Asker: 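Pasting in a structure now, in structure tokens, and then I'll have a few things to ask.
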2 protein chains.
Amino acid sequence: MPKLWNETIEAHRRAVRDAILNTTAELAAEHGVRSVTMSQIAEQAGIGRATLYKYFPDVEAILLAWHDRQITDHLGQLAEVRDQTDEAGERLEAVLRAFAHISRRSRGHHGTELAAFLHRDERVARAQQQLHGMIRDLLAEGARTGDFRGDVAPDELATYCLHALTGAAALPSDAAAERLVTVIMSGLRDAEPAPTGRRPTSRHESHGHHSSGDSEH
Amino acid sequence: MPKLWNETIEAHRRAVRDAILNTTAELAAEHGVRSVTMSQIAEQAGIGRATLYKYFPDVEAILLAWHDRQITDHLGQLAEVRDQTDEAGERLEAVLRAFAHISRRSRGHHGTELAAFLHRDERVARAQQQLHGMIRDLLAEGARTGDFRGDVAPDELATYCLHALTGAAALPSDAAAERLVTVIMSGLRDAEPAPTGRRPTSRHESHGHHSSGDSEH
DNA sequence: GACATCGCAGACAGTGTGTCTCGTAAAATT
DNA sequence: AATTTTACGAGACACACTGTCTGCGATGTC
């Protein structure tokens, strides 16, 4: 409920905007994304329908804006966690752990699921790529120092991490999320027991880094 | 376009039903799940709008039916792959690899994403649990023989596998998908280099199996 | 050939959409 | 304190989609 006439005008608009986003997310989580209507949102948020159209052109835009807000918040939290240590391995593990718990907390609010639903939008794709980039850079640094495997490109490993971490939403406890991070980290380390070896003998067809554009289809 | 009056009547109904599912999936992938309407589907499928209502009550039901068909097909393929070997480790790897390629092929059709969007429906949840069960059983057997880690419950490891594998849809090539399976398998094996050890000394707080319901929040 | 089904087209009320106007109340400006 | 700017809510409007029903023709089954 946006209190009528907040102190300053800009603060008021921001409060209304946030209220719209929150109520929309609630309605989407409750009755399904497809059934959310502008009329519902306006009524539930306690504002006029015409007023709602002065904030957002349609439901899709509101869902996008909600997602943007989520991603921005999460990125900030993760960056903060990352900058609390220096070593690449520790940094990555801390970030993965934080993301696992974020995934867990935002379950039920259709956190990642809504993102998947909106995935055809390029803005959402770019938002996810920011996360991807953060993880990838940590992985690349860890690969140079030998902490992580070098037979798979950091790009692909980052994809692996992010998708595997979304599974945290389905886990029953925080302790299970911790175990998930452990398992994921196991996949990231060198398969060969060569703690100091820079380039372990790859066991398969792969050699060096693969970034993209090999045998397709 | 379902040819008017197929040979037998039941075959015709099935053909029409499939055509409806296909065109709905196309429309959803093209213009977004929210914008798909019964009118569009009927027109695109080349059938009357009233006729469409004799097959499905609303768009949601069509999307659910489409998802059911996908899951059924995939489960069949995976079971077939699984039954071509005997040893647990090989079985799991074969299944994971097959699922990775399925994920890759069904990208762009909003394969997994649509499933996530529909996730609040219990039928979808149960469908995913069938997959989950198949993986979990293979993991449990592999854990008994010492092929896989025993410090994390097969249930949680199965969650890890399934979510990590959905990342295959974002990978650029089949070869990358193969590498992804390799990485995932690394996470599944024992962390300690104890190839014959049945119960390796777990390095953390965990001991034995965790299935669910430990320290929450 | 008689009957049951299926399909399409059209009509119908109900509801959400997107846009507009108008009157009002609060904020910012002077 | 008076004035202007800004935002709000209510109502009206044409348009589109929905869900249901009717009538008529075509096809498969008995």
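All figures in this text were calculated on a predicted structure; none of them were measured in a lab. Order of the sequence lines sets the chain letters (A, B, ...), proteins ahead of strands, with each chain counted from 1.
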Asker: Round to a whole Å and report the spacing from CD of B:Glu60 to P of D:dT18.
Answerer: 12 Å

Asker: Got a sec: does the CD of A:Glu87 have more than 12 other heavy atoms crowding it under 6.0 Å?
Answerer: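 Counting other residues, nucleotides and ligands, CD of A:Glu87 exceeds 12 neighbours.
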
Asker: Would you mind telling me which of D:dA7, C:dC6, C:dT19 lies closest to the side-chain atoms of A:His12?
Answerer: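 Nearest nucleotide to the side chain: D:dA7.
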
Asker: Using heavy atoms to find the nearest nucleotide of DNA chain C for A:Val59 and A:Lys54 separately, return the residue whose nucleotide is more 5′.
Answerer: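 Residue closer to the 5' terminus by nearest nucleotide: A:Val59.
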
Asker: Using atom CG of B:Leu52 as one end and atom P of C:dC6 as the other, report the distance to the nearest whole Å.
Answerer: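 So the two atoms are 15 Å apart, to the nearest Å.
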
Asker: Need one value for A:Arg13: base, sugar-phosphate or nothing, where a base atom within 4.0 Å counts as base even if backbone is also close, heavy atoms only.
Answerer: sugar-phosphate

Asker: Distance check needed: C:dG16 C1' versus A:Leu27 CG, whole Å only.
Answerer: 15 Å

Asker: Look at the side-chain N and O atoms of A:Tyr53 and state whether any lies under 4.0 Å from the OP1 or OP2 oxygen of C:dC20.
Answerer: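 Checking C:dC20 against A:Tyr53, no side-chain N or O comes under 4.0 Å of OP1 or OP2.
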
Asker: Mind calculating the distance between CD (A:Glu43) and P (D:dA10) to the nearest angstrom?
Answerer: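 Rounded to whole Å, this separation is 11 Å.
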
Asker: Could you check how far OH of B:Tyr55 sits from C1' of D:dT18, rounded to whole Å?
Answerer: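 That distance rounds to 20 Å.
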
Asker: Are the side chains of A:Arg91 and A:Val81 in touch, meaning some heavy atoms are under 4.5 Å apart?
Answerer: no

Asker: For A:Gly48 and B:Ala50, find the nucleotide of DNA chain D closest to each by heavy atoms; which residue's nucleotide sits nearer the 5' end?
Answerer: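 Here A:Gly48 is the residue nearer the 5' end.
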
Asker: Choose from C:dA11, C:dG7, C:dT19 the nucleotide whose nearest atom is closest to any side-chain atom of A:Arg49.
Answerer: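 Among C:dA11, C:dG7, C:dT19, the one nearest the side chain of A:Arg49 is C:dT19.
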
Asker: What is the distance, to the nearest angstrom, from the CD1 atom on A:Ile41 to the P atom on D:dG9?
Answerer: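 Value for this atom pair: 15 Å.
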
Asker: For B:Tyr55, does the six-membered ring have the charged nitrogen or CZ of B:Arg13 within the cation-pi criterion, i.e. under 6.0 angstrom from the centroid and within 45° of the normal?
Answerer: yes

Asker: Answer yes or no on whether B:Arg104 is positioned over the face of B:Phe99, meaning its NZ or CZ is under 6.0 Å from the six-membered ring centre and within 45° of the axis.
Answerer: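 That pair does not qualify as a cation-pi contact.
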
Asker: Heavy atoms only, 4.0 Å cut-off, all strands: where does B:Phe56 land among base, sugar-phosphate and nothing?
Answerer: nothing

Asker: Rounding to an integer number of Å, can you tell me how far A:Met38 CE sits from C:dG16 P?
Answerer: 13 Å

Asker: Is any side-chain N or O of B:Ser39 closer than 4.0 Å to OP1 or OP2 of D:dA16?
Answerer: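 No.
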
Asker: Compare side-chain N and O positions of B:Thr51 against OP1 and OP2 of C:dC8 and report whether any pair is under 4.0 Å apart.
Answerer: yes

Asker: Please step through salt bridge (Lys or Arg N to Asp or Glu O under 4.0 Å) for the pair B:Arg69 and B:Asp18, ending with a clear verdict.
Answerer: CA-CA 9 Å; B:Arg69 195 184 65 175; B:Asp18 275 352; 3.3 Å; yes

Asker: Whole Å only: how far is the CZ atom of A:Arg34 from the P atom of D:dC17?
Answerer: 13 Å

